[in-house]
Amino acid sequence: MKARYSIIVPMYNEEEVIRHTYAKLKEVMDGYGEPYELVFINDGSKDRTVEIVEAICQQDANVRLINFSRNFGHQIAITAGMDYAQGDAIIIIDADLQDPPEVMLEMIAKWKEGYEVVYGKRLKRKGETVFKKLTAMMFYRTMRSLTNFDIPMDTGDFRLIDRKVCDVLRGLKEKNRFVRGLVSWVGFRQTMVEYVREERFAGETKYPLKKMINFAVDGITSFSYKPLKIASYIGFTLSATSFVYLLVVLCQRLFTSSTVAGWTTIVAINLLFNGIILMLLGLIGEYIGRIYDESKNRPLYIVREARGFSEEKEQAEKQEKEREYVH
């Protein structure tokens with residue numbers, strides 16, 4: 001029987017929690033009583049995550065496994081899940097059980113009302129530091145101010161999307177992906193359900209500070225070129241300020257007996273301006289790097305093996321990937 005709901009679960013080193021995640025998802029979806037599939041994506045885990053899910057896959061016909069050849073990243077794992085999902089409604093949820101699986105039923109209810117995207121909005125974030133909460137708040141508000149479309153604040157990738165939305169997203173082949181931004185960008189009828197985000201059930205966060213910064217940079221540069229405008233404004237302001245300062249120095253030299261500031265002032269100003277110039281060059285380099293990534297036209301991911309899918313589905317996916325390599 002064809003699955004009506006596809007639950008996408010990206011995984012990276014989740015051996016401590018994945019059995020509990022499977023059991024909870026199964027309990028919720030079995031209780032709902034409609035056909036479903038659980039699509040686990042192993043994003044190059046170095047622990048026993050894939051072995052555990054392989055065993056589950058053999059025991060449960062509703063479980064699918066996509067095993068990457070290496071680590072390609074959380075957003076690419078979600079993308080692969082959407083590529084392979086067969087349901088009429090697709091739900092994305094992380095494996096750490098911070099997003100309560102019971103909330104999926106509220107999303108399904110909203111979907112049945114006619115909404116095509118239902119995202120989870122966090123009312124409270126348990127177990128997270130003040131620093132992480134503060135930086136998350138700043139990130140979402142910065143994204144909203146820099147982009148020309150509405151990205152809901154205080155949300156993650158936990159959401160339900162309709163099949164038609166999934167098909168549109170599958171047609172977007174950009175390499176540096178920010179899925180929650182793409183979902184907002186495509187539009188359709190969207191709404192939210194509110195929930196309290198729990199502490200991580202077990203294991204460690206997969207988003208340390210470095211990854212959080214890279215994720216924020218990907219999100220901003222993927223959907224806005226306003227930072228480049230800011231660079232232009234800063235450059236114009238510095239040039240104007242330098243010209244005014246030059247006039248002041250000339251006036252002091254020609255019409256007063258006061259001495260011009262010495263080497264300390266000159267060095268300080270040079271260091272300031274050079275630092276700003278290097279910062280702006282780095283910003284431009286971020287955009288050029290993304291252009292370079294897009295121009296290489298490599299596939300988003302490489303699947304080592306896929307288990308639990310029908311032979312027809314696997315063959316169709318293989319042919320699609322071959323066409324991507326050709327073009």
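Predicted model only: the values in this text are computed from it and were never measured. Values reported hereafter were calculated over all heavy atoms of this structure, with side chains retained and with hydrogens, waters and symmetry mates removed.
- Closest approach of Leu38 to Tyr22, counting heavy atoms only: CD1-CD1, 3.8 Å.
- Rounding to the nearest 0.5 Å places OG of Ser6 at 8.0 Å from CZ of Arg64.
- Salt-bridge formation is not detected for the pair Glu54/Arg304: no Lys NZ or Arg NE/NH1/NH2 atom is positioned less than 4.0 Å from an Asp or Glu carboxylate oxygen.
- Using a 4.5 Å heavy-atom threshold, the side chains of Ile41 and Tyr84 count as separate.
- Taking OG1 of Thr21 as the reference point, atom CD of Glu16 lies at 11.5 Å (rounded to 0.5 Å).
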Please determine whether side chain to side chain contact (heavy atoms under 4.5 Å, CB included) holds for the pair Asp162 and Phe188, giving the CA-CA distance in whole Å, both sets of side-chain angles, and the decisive distance to 0.1 Å.
CA-CA 9 Å; Asp162 187 83; Phe188 295 94; over 6 Å; no
Checking Thr49 against Glu14 for the side-chain hydrogen bond (donor to acceptor under 3.5 Å, both in side chains) test, could you report, in this order, the C-alpha distance in whole Å, the side-chain angles of both residues, the deciding distance, and whether it holds?
CA-CA 6 Å; Thr49 298; Glu14 301 287 3; over 6 Å; no
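- With sequence neighbours excluded, the residues forming a salt bridge (Lys or Arg N to Asp or Glu O under 4.0 Å) with Asp88 are Lys2, Arg4, listed by chain and number.
- Across all non-hydrogen atoms, the minimal contact from His74 to Pro10 is NE2-CG, 3.6 Å.
- With hydrogens and angles ignored, the 3.5 Å screen pairs a side-chain donor or acceptor of Ser45 with a backbone N or O of Asn13.
- Cluster membership check: Ile161 shares its hydrophobic cluster with Trp185, using side-chain heavy-atom separations under 4.5 Å among Ile, Leu, Val, Met, Phe, Trp and Tyr.
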Working for side chain to side chain contact (heavy atoms under 4.5 Å, CB included), residues Tyr119 and Thr191
CA-CA 7 Å; Tyr119 53 86; Thr191 189; over 6 Å; no
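- Looking at residues two or more places apart in sequence or on another chain, you find a side chain to side chain donor-acceptor pair (under 3.5 Å) between Asp99 and Tyr195, Arg197.
- Glu15 contributes a side-chain N or O that, together with a main-chain N or O of Arg48, makes up a donor-acceptor pair within less than 3.5 Å.
- By the criterion of side-chain heavy atoms lying less than 4.5 angstrom apart, applied directly or through intervening Ile, Leu, Val, Met, Phe, Trp or Tyr residues, Phe40 is grouped together with Phe158 in one hydrophobic cluster.
- Evaluated for a side-chain contact (heavy atoms from CB on, under 4.5 Å) with Glu305, the options Asn42, Asn67, Ile66 yield exactly one hit, Asn67.
- In this structure, Ser69 contributes its side chain and Val303 its backbone to no donor-acceptor pair below 3.5 Å.
- For Glu102 and Lys24, the salt-bridge test passes: some basic side-chain N is under 4.0 Å from an acidic carboxylate O.
- In this structure, the side chain of Asp43 does not engage the main chain of Ala77 through any donor-acceptor pair within 3.5 Å.
- Side-chain contact check for Tyr5 versus Met104: every heavy-atom pair is 4.5 Å or farther apart.
- Remark: Arg70 is positioned above the aromatic ring of Phe72, its terminal NZ or CZ atom under 6.0 angstrom from the ring centre and at most 45 degrees off the axis.
- Using a 4.5 Å heavy-atom cutoff, the side chains of Ile93 and Val9 are in contact.
- A chain of hydrophobic side-chain contacts below 4.5 Å, direct or via other Ile, Leu, Val, Met, Phe, Trp or Tyr residues, connects Ile52 to Val63.
- Looking only at side-chain heavy atoms (C-beta outward), Ile91 and Ile108 come within less than 4.5 Å of each other.
- At a threshold of 4.5 Å between non-hydrogen side-chain atoms, the residues Met11 and Val50 do not count as touching.
- Met192 and Val118 fall into different hydrophobic clusters, where Ile, Leu, Val, Met, Phe, Trp and Tyr are joined by side-chain heavy atoms under 4.5 Å apart, directly or via other members.
- Interatomic distance, CZ of Arg159 versus NZ of Lys121, reported as 11.5 Å (0.5 Å rounding).
- Classification of Glu116 and Arg189 as a salt-bridged pair fails, no side-chain N sitting under 4.0 Å from a carboxylate O.
- Here the NZ atom belonging to Lys46 is positioned 6.0 Å from the CG atom belonging to Asn71, to the nearest 0.5 angstrom.
- A 4.5 Å side-chain heavy-atom check between Ile90 and Val165 finds every atom pair outside the cut-off.
- Asp96 contributes a side-chain N or O that, together with a main-chain N or O of Gln98, makes up a donor-acceptor pair within less than 3.5 Å.
- Connection of Tyr32 to Ile8 is not established within any shared hydrophobic cluster, with ILVMFWY side chains joined at heavy-atom distances below 4.5 Å, either directly or through further cluster members.
- When all heavy atoms of Ala95 and Val17 are compared, the closest pair comes out as O-CG1, 3.5 Å.
- Met107 and Val193 get closest at one heavy-atom pair: CG-CG2, 3.8 Å.
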